[in-house]
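The next block holds one structure in the form of structure tokens; read it before the comments.
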Amino acid sequence: EPRAPPDKIAIIGAGIGGTSAAYYLRQKFGKDVKIDLFEKGEVGGRLATLTVRGQDYEAGGSVIHPLNLHMKRFVKDLGRIYRYQSHDYAFSSVEKLLHSLGGDDFLGLLNQTLLETLQKAGFSEKFLNEMIAPIMRVNYGQSMSINGFVGAVSMSGADSGLWAVEGGNKLVCSRLLQASKSSLIRGSVMYIEEKTRAKQTGNPTKMYEVVYQTGSETRSDFYDIVLVATPLNRKMSNITFLNFDPPIEEFHQYYQHIVTTLIKGQLNSTIFSSRDLDKFDLGMILTTDNSDLFINSIGIVSSVSENNPQPSTDGTYVWKIFSQEILTKEQILKLFLSYDYAVKQPWLAYPHYKPPEKCPSIILHDRLYYLNGMEFAASAMEMSAIAAHNAALLAYHRWNEHVDMIDQEDLYEKLKTEL
Ligand SMILES: Cc1cc2nc3c(=O)[nH]c(=O)nc-3n(C[C@H](O)[C@H](O)[C@H](O)COP(=O)(O)OP(=O)(O)OC[C@H]3O[C@@H](n4cnc5c(N)ncnc54)[C@H](O)[C@@H]3O)c2cc1C
Ligand SMILES: CC(C)=CCC/C(C)=C/CC/C(C)=C/CSC[C@H](N)C(=O)O
């Protein structure tokens, strides 16, 4: 007899992770489960736009990799996860998931720096310093000391054919929310506590009480399953786990401070090139490691409604700058001859990578799951979506005690012969 589905599931966070989780949980558990999605800010989370002169531009997650038959080996290996997930297999830890994709070699990437990985592969110092370091700086605000796995993800983020969603990537989140028929609860989750409750059947059942603040009110509700889809640290989500036995560990991982600045103006090209202004045609400038620099990268961007960047009537473009600190007016005036608008968005953007990497647990407690441990392998929209699909499958299989669908070894060979 299949077990009756849970009555209620809570998801905390309506970024790409939480909304994908809602979508996959609905697929697995069916139409009768009530799914509540808690969000303290905007749906989309780190997928967000900023407005410059009436046009919206991506300020957070902006580019998506074209997953197709021509992708490079790394992306192909990662592609295996789609196959495993399409056959409903789940993993109970990020490490087991990565091992299933590429064995010990893949897992080993988490424990060594990108520099070590690429030096072993024979790349020259010059290539590493002048090509690879700038890609790491634009994508993850760090250099080659990051782990080899996120380094590989970052390199695929410098591939050709990257794409974005017309109207803004955050639209994916609102559409997933609609498609999953979940209820959005605008509020900030403060506590989660396990309590015993009498259900309608009269049986005492262990449930999770989710306590949240909405406006000036504090409310709470009970759930059979809870998924946390936001980084668990005091600065980003500030959720306390009360009275768990054994206690749920506090995560203190440091997230990288990155500022996105959008500026519409006339670049001071003389600081980048000796060419005459009318011959300067660079649309993207990356930087090598140099502590004197105050930017990581600067590049022309399109609005979310354009395919290609368009100059405005005065010939100026909108430039996106990534920096570690908020740019001062003096710094902006070094970069631009003139500008008519600047808008800044500081982020706790992604983990500060420092191998060897230990990814936080996916299973925090019996029916309490955590998605964002995946970010310690690599932070990207797709990684959050993969983590969400995995957590939904894991929650489903554990609810129904399908042990044969969790942490299966040799899936690649198994699925080859099954097909
Ligand atoms: C500047 C920048 C550029 C990036 N560029 C790219 C890119 O080009 N391509 C790419 O693939 N990735 C990129 N990324 C990474 C990508 O944006 C993230 O990996 C991804 O969006 C994370 O999604 P998430 O749902 O896991 O987390 P989030 O988007 O952070 O979602 C978590 C949500 O939970 C909410 N929340 C937190 N605490 C609570 C609480 N207590 N109660 C209720 N709600 C709560 C938050 O408000 C938030 O909306 C970039 C990130 C940044 C910051
Ligand atoms: C998960 C896989 C296999 C691929 C994802 C590749 C990808 C799109 C990586 C980008 C990750 C990232 C954090 C980029 C930040 S900056 C993005 C862009 N250069 C910009 O200018 O906004």
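- Residues passing the side chain to side chain donor-acceptor pair (under 3.5 Å) test with Ser237: none are found, sequence neighbours excluded.
- Classified by interplanar angle (parallel below 30°, tilted 30° to 60°, perpendicular above 60°), the ring pair Tyr396/His402 is perpendicular.
- For the residue pair Thr260 and Lys320, no side-chain donor N or O sits within less than 3.5 Å of a side-chain acceptor on the partner.
- With Asn129 as the fixed residue, the side-chain contact (heavy atoms from CB on, under 4.5 Å) test singles out one of Lys126, Met131, Glu125: Glu125.
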*Please step through side chain to side chain donor-acceptor pair (under 3.5 Å) for the pair Gln324 and Gln256, ending with a clear verdict.*
CA-CA 8 Å; Gln324 310 276 359; Gln256 184 81 27; 3.2 Å; yes
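- Closest approach of Met381 to Val63, counting heavy atoms only: CE-O, 3.6 Å.
- With respect to His352, the ring-ring contact (aromatic ring centres under 6.0 Å, His included) criterion is satisfied by exactly one of Tyr254, Tyr140, Tyr255: Tyr254.
- One side chain, Lys414 or Tyr89, offers a donor N or O that lies under 3.5 Å from an acceptor on the other.
- For the pair Asn111 and Pro355, the tightest heavy-atom approach, listed with the atom from each and the gap, is C-CB, 3.9 Å.
- Smallest separation of non-hydrogen atoms from Leu242 and Tyr191: CD1-CD2, 3.8 Å.
- Checked options Lys8, Lys199, Lys34; the residue passing with Asp224 is Lys199 (criterion: salt bridge (Lys or Arg N to Asp or Glu O under 4.0 Å)).
- Between Gln253 and Glu375, the side chains place no donor N or O within less than 3.5 Å of an acceptor N or O (distance only, hydrogens not considered).
- Note on ring orientation: taking the six-membered ring where Trp is involved, the planes of Tyr84 and Phe91 are tilted (angle from 30° to 60°).
- Side chain to side chain, Ser220 and Glu209 meet the donor-acceptor criterion of an N or O pair below 3.5 Å.
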*With side chain to side chain contact (heavy atoms under 4.5 Å, CB included) as the test, would you mind laying out the steps for Asn296 and Val138 before giving the verdict?*
CA-CA 6 Å; Asn296 292 350; Val138 62; 5.9 Å; no
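- Partners of Glu194 according to the salt bridge (Lys or Arg N to Asp or Glu O under 4.0 Å) rule, which considers only residues two or more places apart in sequence or in another chain, are Arg367.
- No hydrogens or angles considered: nothing links the side chains of Asp56 and Ser303 as a donor-acceptor pair under 3.5 Å.
- Of all heavy-atom pairs between Ile295 and Ser323, the closest is CA-CB, 4.2 Å.
- Under the 4.0 Å criterion applied to side-chain N and carboxylate O atoms, Arg137 and Asp289 are assigned as salt-bridge partners.
- There is a side-chain donor-acceptor pair under 3.5 Å between Lys264 and Ser312.
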